Structure formats: structure tokens, C-alpha cells
*Asks:* 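I'd like to ask some things about the structure below.
Just so it is clear, the model here is predicted, and its values are computed rather than measured. Hydrogens, waters and symmetry mates are skipped; everything else that's a heavy atom, side chains included, is used. A, B, ... follow the sequence lines: proteins, then strands. Residue 1 opens every chain.
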Number of protein chains: 2
Amino acid sequence: MIDCKLLSQIISRYKSAMFTMQRRLNALIRDEMPQDLTVDQFATLEYIRSRGQCTSSELAEVFCVGKSSITAIISRLFDKSLIRRLPDDKDRRVTYLRLTEEGERMAVDIDGRLETLLSRYMGHFDEKEATQFIETYEKLAHVLVQPIEQDAPAGEEKRQE
Amino acid sequence: MIDCKLLSQIISRYKSAMFTMQRRLNALIRDEMPQDLTVDQFATLEYIRSRGQCTSSELAEVFCVGKSSITAIISRLFDKSLIRRLPDDKDRRVTYLRLTEEGERMAVDIDGRLETLLSRYMGHFDEKEATQFIETYEKLAHVLVQPIEQDAPAGEEKRQE
DNA sequence: TGATATAGTTCATCTGTAGAACCATTCGCC
DNA sequence: GGCGAATGGTTCTACAGATGAACTATATCA
């Protein structure tokens with residue numbers, strides 16, 4: 001695998017870079033938002049757009065928050081006429097969420113601005129480095145959503161729910 | 001620099017990986033927090049610890065938020081007896097923030113747990129990949145805190161304040 | 001049919017954030 | 001030296017997002 005001491009050092013570097021990254025990037029993204037739309041609201045819009053439609057439960061799962069948080073965000077977006085709720089007629093408990101025309105327009109627009117923003121920074125790297133980076137990053141994101149266990153011998157029933 | 005089409009594709013991949021990463025990692029970190037300490041509060045503690053001491057203004061700068069947000073966090077930490085405020089006797093406007101004994105203990109403890117947590121994921125990569133990754137990541141974090149302009153020809157007075 | 005699970009909402013409560021108003025102090029400069 | 005501007009920090013109000021528990025309505029399963 002990897003030398004334990006080096007690993008520890010990399011982790012420590014990762015922690016501080018991550019911290020800067022999150023805070024700073026979030027601030028930059030916030031600046032690109034139109035009046036009266038928050039970053040989280042945009043993220044929600046964007047997720048729905050990427051899926052075409054989805055449910056509240058799915059959003060809660062993906063965003064790693066409780067369903068009541070989603071309800072709050074959704075109703076704000078609904079009040080702004082950016083999304084529609086359409087009930088499933090098979091299962092009358094579920095309501096699907098879709099973007100309205102305006103929601104679509106807005107999401108596309110902001111998305112473009114974010115692309116411009118990010119390319120201003122990503123442009124610093126050459127093709128090889130950028131590709132290598134994004135691949136590791138995606139792998140990391142991937143293992144992060146795994147339940148956790150992979151090297152535990154057996155009898156580990158904790159953790160995954 | 002880098003092919004425009006490829007760049008755009010990388011950005012798009014980055015956006016979605018970043019999204020997953022932030023949400024998921026945040027949830028995992030939250031699970032490591034002791035009762036009655038939030039992730040932001042820990043981040044504040046940790047930053048102060050890394051510096052030995054610091055001011056509210058510095059925190060506001062680093063966290064990319066207004067000073068009033070910092071005041072709020074600081075007073076909660078103060079109420080929990082995790083930090084001390086000590087006035088500078090040169091400049092009587094500024095008060096330095098330091099960890100208390102208990103704050104120090106708590107920060108160290110959580111920090112250890114985060115290291116364990118992260119090593120569970122980082123352990124997936126070999127030395128070369130991990131090193132390469134963290135280097136690009138740090139570079140990215142670095143350019144992110146730069147004022148922005150680097151390739152603008154001239155007469156650009158916007159943006160940096 | 002009846003217990004249980006699931007989808008989603010509502011409510012109370014808390015944290016973090018913004019922004020404006022404000023106080024105290026220090027700085028710049030005439 | 002003194003006065004206006006800048007700086008460090010707090011307070012206040014308002015709001016977004018998060019939690020967790022209680023609740024409704026519907027579906028599933030045995």
C-alpha cells in the first residue's frame with residue numbers, strides 16, 4: 001500500500017488544502033450566484049437537472065442530510081417557480097421533482113458561469129497533470145461513498161445502515 | 001496550456017466529484033465529532049491550534065466569511081471553555097484567541113480520529129499517485145487564493161479588493 | 001387484515017451567515 | 001496636536017440550512 005509515515009503526512013497536507021479549497025471555492029461560487037439563489041439551492045437545481053427528475057428521498061440520500069432539510073430547500077425553490085412537483089400515479093406517496101423552464105434556464109446559465117470560473121483556475125495545469133488529478137479525485141470520491149469495510153477480516157457489523 | 005474541449009470535460013467531472021466529496025466527507029467528519037461540537041467549531045479550534053493564537057479578523061479572512069459570523073462561533077467556543085480571549089496590550093482593539101487546556105485536548109483527540117478516518121480512504125492509493133495528487137491539489141488551493149488576474153492584458157481594475 | 005415500512009411534511013430549535021449599526025481605538029496627515 | 005478615516009470587534013435582525021421527533025398518507029408483507 002503506502003508507507004505509514006508518508007501517508008500520515010499526506011493526510012495532514014490534504015486536510016489543510018481541503019479546508020482552503022472548500023472555503024475559498026465556496027466563496028467564489030457564491031459570488032456567481034444571482035440574487036436570491038443560494039449555493040445549496042443551485043446545487044439542488046443542478047442535481048435535479050442532471051437526473052431529469054428525482055425524489056426528495058433521493059436528494060436527502062445524495063446530499064447526506066435528513067429529509068426535512070430537503071423539504072425546506074425544495075419549497076423555497078418551488079416558491080421561486082424554479083421546480084415543479086409531479087406526483088407519481090403508481091405510488092401516491094412519491095412526488096417527482098423537475099425543473100421548470102425558468103429553472104432550466106437559470107441552472108444552465110449559472111453552470112456556464114461556473115465553467116468559466118473554474119477554467120480560469122484549471123487552466124494552470126497541463127493535460128497530463130489535470131487528467132491524472134481528476135482520475136485520482138474521482139477514485140477518492142468513489143471510495144468515499146462505499147460503505148467503508150474492505151479490509152476488515154470479518155465480524156464487523158457496525159457502521160453501514 | 002490545455003485543450004479547451006478536454007478542459008471543459010475535466011471541469012465538469014471535477015464539479016460532480018467535488019460535490020460528492022464535500023457532502024460525503026462532511027457527513028463522515030460530522031460523525032467523528034463529540035456531542036455538542038460542530039464541524040465548523042472544530043475547524044475553528046483546529047485553525048487556532050495550528051497558529052498558536054490568532055485574531056477574529058484573521059479567522060474571518062481565512063474562512064472567507066464576515067467578522068460577525070466569527071464572533072458567533074467564537075462565543076460558542078468560549079462558552080464551552082474551549083478557547084480564551086486575551087487582549088493585546090499594544091493595540092487595545094485586538095484580542096488574541098488561544099485554546100484552553102481542554103480545547104487543546106479536544107482538538108488533538110478529534111484530529112487523531114480524523115487521521116484514522118482519512119487513512120482508511122487514502123490507503124487505497126500507492127505512493128506515487130497519492131503524492132502526485134496532493135501536489136496538484138495544493139497547487140490548486142494555492143491559485144485559488146490568488147487575486148485572480150494573471151493573463152489579463154492591462155486596464156483591469158475590477159475584482160481584487 | 002393488521003403490523004410494519006416508506007415518502008414526505010410540519011414543527012421547534014440550533015448553527016452559521018450576511019449586513020448594518022455601533023463602539024473603541026489607532027492611524028494618517030494637515 | 002488634533003481631526004477624520006480606517007480598523008478590530010460586538011450586537012442585532014433576518015434568514016438559510018440542518019436536526020430530530022411527531023405526524024399523515026400510502027404501500028408492502030405476512
Side-chain angles (χ1 to χ4, degrees), chain A residues 19 22-24 26-31 33-45 47-48 53-80 82-97 161, chain B residues 19 22-24 26-31 33-45 47-48 53-80 82-97 161:
Chain A
F19 175 78
Q22 280 201 10
R23 289 285 181 169
R24 184 68 187 155
N26 198 55
L28 289 172
I29 293 176
R30 200 165 51 219
D31 290 345
M33 291 297 131
Q35 284 298 345
D36 86 337
L37 197 72
T38 69
V39 177
D40 284 325
Q41 285 166 12
F42 166 68
T44 308
L45 237 40
Y47 182 82
I48 298 175
Q53 70 177 19
C54 75
T55 67
S56 284
S57 297
E58 183 182 344
L59 281 170
E61 176 89 5
V62 172
F63 279 61
C64 303
V65 298
K67 288 188 292 178
S68 58
S69 308
I70 300 298
T71 301
I73 295 185
I74 290 302
S75 16
R76 280 173 206 123
L77 290 174
F78 186 79
D79 292 347
K80 298 190 223 275
L82 298 175
I83 60 177
R84 283 177 298 158
R85 303 175 201 242
L86 27 122
D88 182 4
D89 46 351
K90 299 285 166 50
D91 185 339
R92 292 169 54 207
R93 288 171 306 181
V94 351
T95 64
Y96 292 109
L97 305 169
E161 65 278 1
Chain B
F19 175 78
Q22 280 202 8
R23 290 288 182 166
R24 183 67 187 157
N26 198 56
L28 289 171
I29 293 175
R30 200 167 52 220
D31 290 347
M33 292 297 130
Q35 284 299 346
D36 87 338
L37 197 72
T38 68
V39 176
D40 284 323
Q41 285 166 13
F42 165 69
T44 308
L45 237 40
Y47 183 82
I48 298 175
Q53 69 177 19
C54 75
T55 67
S56 284
S57 296
E58 182 181 344
L59 281 171
E61 176 90 5
V62 172
F63 279 61
C64 302
V65 299
K67 289 186 292 180
S68 60
S69 308
I70 299 298
T71 301
I73 295 185
I74 290 301
S75 17
R76 280 174 205 125
L77 290 174
F78 187 81
D79 292 346
K80 298 188 224 277
L82 298 176
I83 60 177
R84 283 177 299 159
R85 305 174 200 243
L86 28 121
D88 182 4
D89 46 352
K90 299 282 167 49
D91 185 340
R92 291 169 55 211
R93 290 169 303 179
V94 351
T95 65
Y96 292 108
L97 306 168
E161 66 278 359

*Asks:* Nearest to the B:T55 side chain among C:dT26, C:dA7, D:dG9, which nucleotide is it?
*Replies:*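 Output: D:dG9.
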*Asks:* Here's a test of your reading of the structure: between B:A72 and A:A72, which maps to the more 5' nucleotide of DNA chain C?
*Replies:*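 Closer to the 5' end of DNA chain C: A:A72.
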*Asks:* Considering only D:dT11, D:dT10, D:dG17, which nucleotide approaches the side chain of B:R85 most closely?
*Replies:*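 So the side chain of B:R85 is nearest to D:dT10.
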*Asks:* Roughly, in whole Å, what's the span from CD in B:Q35 to C1' in D:dT19?
*Replies:*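 One finds 12 Å between C1' of D:dT19 and CD of B:Q35, rounded.
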*Asks:* Quick one: pull up CD1 in A:I48 and OG1 in A:T55 and give me the separation to the nearest 0.5 Å.
*Replies:*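 Going from the CD1 atom of A:I48 to the OG1 atom of A:T55 covers 10.0 Å.
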*Asks:* Measuring from A:I83:CD1 to A:L97:CG, what's the distance to the nearest 0.5 Å?
*Replies:*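 Reported value, rounded in 0.5 Å steps: 5.0 Å.
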*Asks:* Are B:K90 and B:D88 close enough for a salt bridge, meaning some N to O gap below 4.0 Å?
*Replies:*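 No, B:K90 and B:D88 are not salt-bridged.
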*Asks:* Calculate the interatomic distance between B:R76 atom CZ and D:dT10 atom C1'; express it in whole Å.
*Replies:*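 Answer to the nearest Å: 14 Å.
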*Asks:* Determine the contact category for A:T38: base if any of its heavy atoms lies under 4.0 Å from a base atom, sugar-phosphate if only primed atoms, P, OP1 or OP2 are that close, otherwise nothing.
*Replies:*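 Counting heavy atoms under 4.0 Å across all strands, the contact made by A:T38 is with sugar-phosphate only.
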*Asks:* Side chain of B:R93 only, heavy atoms from C-beta on: which candidate in C:dA24, C:dG8, D:dT19 is closest?
*Replies:*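 Looking only at heavy atoms from C-beta outward on B:R93, the closest nucleotide is C:dA24.
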*Asks:* Identify, between A:V65 and B:V94, the residue whose nearest nucleotide on DNA chain D lies closer to the 5' end.
*Replies:*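 Nearer the 5' end of the strand: B:V94.
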*Asks:* Base of C:dG19, side chain of B:S68 - is there a donor-acceptor contact under 3.5 Å?
*Replies:*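 Donor-acceptor pair under 3.5 Å: yes.
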*Asks:* Would you kindly give the CD1-to-P distance between B:I70 and C:dT15, to the nearest whole Å?
*Replies:*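 To the nearest whole Å, that distance equals 16 Å.
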*Asks:* Give me the ring orientation class for B:Y47 and A:F19: parallel if the planes are under 30° apart, tilted from 30 to 60°, perpendicular past 60°.
*Replies:*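 Parallel: the ring planes of B:Y47 and A:F19 meet at under 30°.
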*Asks:* Let me know which of B:T44, B:V62, B:L59 forms a side-chain contact (heavy atoms from CB on, under 4.5 Å) with B:C54.
*Replies:*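 Passing option: B:L59.
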*Asks:* Only one of A:L82, A:L77, A:I74 forms a side-chain contact (heavy atoms from CB on, under 4.5 Å) with A:Q41, so which one is it?
*Replies:*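 Considering A:L82, A:L77, A:I74, a side-chain contact (heavy atoms from CB on, under 4.5 Å) with A:Q41 is found only for A:L77.
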*Asks:* Nearest to the side chain of A:R92, which nucleotide is it out of D:dT10, C:dG8, D:dT26?
*Replies:*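 Ranking D:dT10, C:dG8, D:dT26 by closest atom to the A:R92 side chain puts D:dT26 first.
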*Asks:* For A:D89 and D:dT26, what is the distance between atoms CG and P respectively, to the nearest whole Å?
*Replies:*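 About 14 Å, once rounded to whole Å.
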*Asks:* Over all strands shown, is B:S57 touching base, sugar-phosphate only, or nothing at heavy-atom distances under 4.0 angstrom?
*Replies:*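 The answer is sugar-phosphate, as B:S57 gets under 4.0 Å only of primed atoms, P, OP1 or OP2.
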*Asks:* What's B:S56 touching, base or sugar-phosphate or nothing? Going by heavy atoms closer than 4.0 Å.
*Replies:*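 The residue B:S56 makes sugar-phosphate contact but no base contact.
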*Asks:* Tell me which nucleotide among C:dT17, D:dG9, D:dT26 gets nearest to the side chain of A:D91.
*Replies:*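 From the listed options, D:dT26 comes nearest.
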*Asks:* Tell me the interatomic distance from A:I73, atom CD1, to C:dT9, atom C1', rounded to whole angstroms.
*Replies:*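 That distance rounds to 15 Å.
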*Asks:* Could you tell me how far apart B:L59 (CG) and D:dT10 (C1') are, to the nearest whole angstrom?
*Replies:*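 It is 15 Å, rounded to the nearest whole Å.
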*Asks:* For A:R23 and A:I74, take the nucleotide of DNA chain C holding the closest heavy atom to each; which residue's nucleotide lies nearer the 5' end?
*Replies:*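 Its nucleotide being nearer the 5' end, the pick is A:I74.
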*Asks:* How many whole angstroms separate atom CZ of B:R30 from atom C1' of D:dG20?
*Replies:*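 Roughly 13 Å, once rounded to whole Å.
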*Asks:* For B:F78 and D:dT11, what is the distance between atoms CZ and P respectively, to the nearest whole Å?
*Replies:*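 From B:F78 CZ to D:dT11 P: 11 Å.
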*Asks:* Does a side-chain N or O of A:T71 approach OP1 or OP2 of C:dT10 to a distance below 4.0 Å, or not?
*Replies:*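 For A:T71, the contact criterion (side-chain N or O under 4.0 Å from OP1 or OP2 of C:dT10) is not met.
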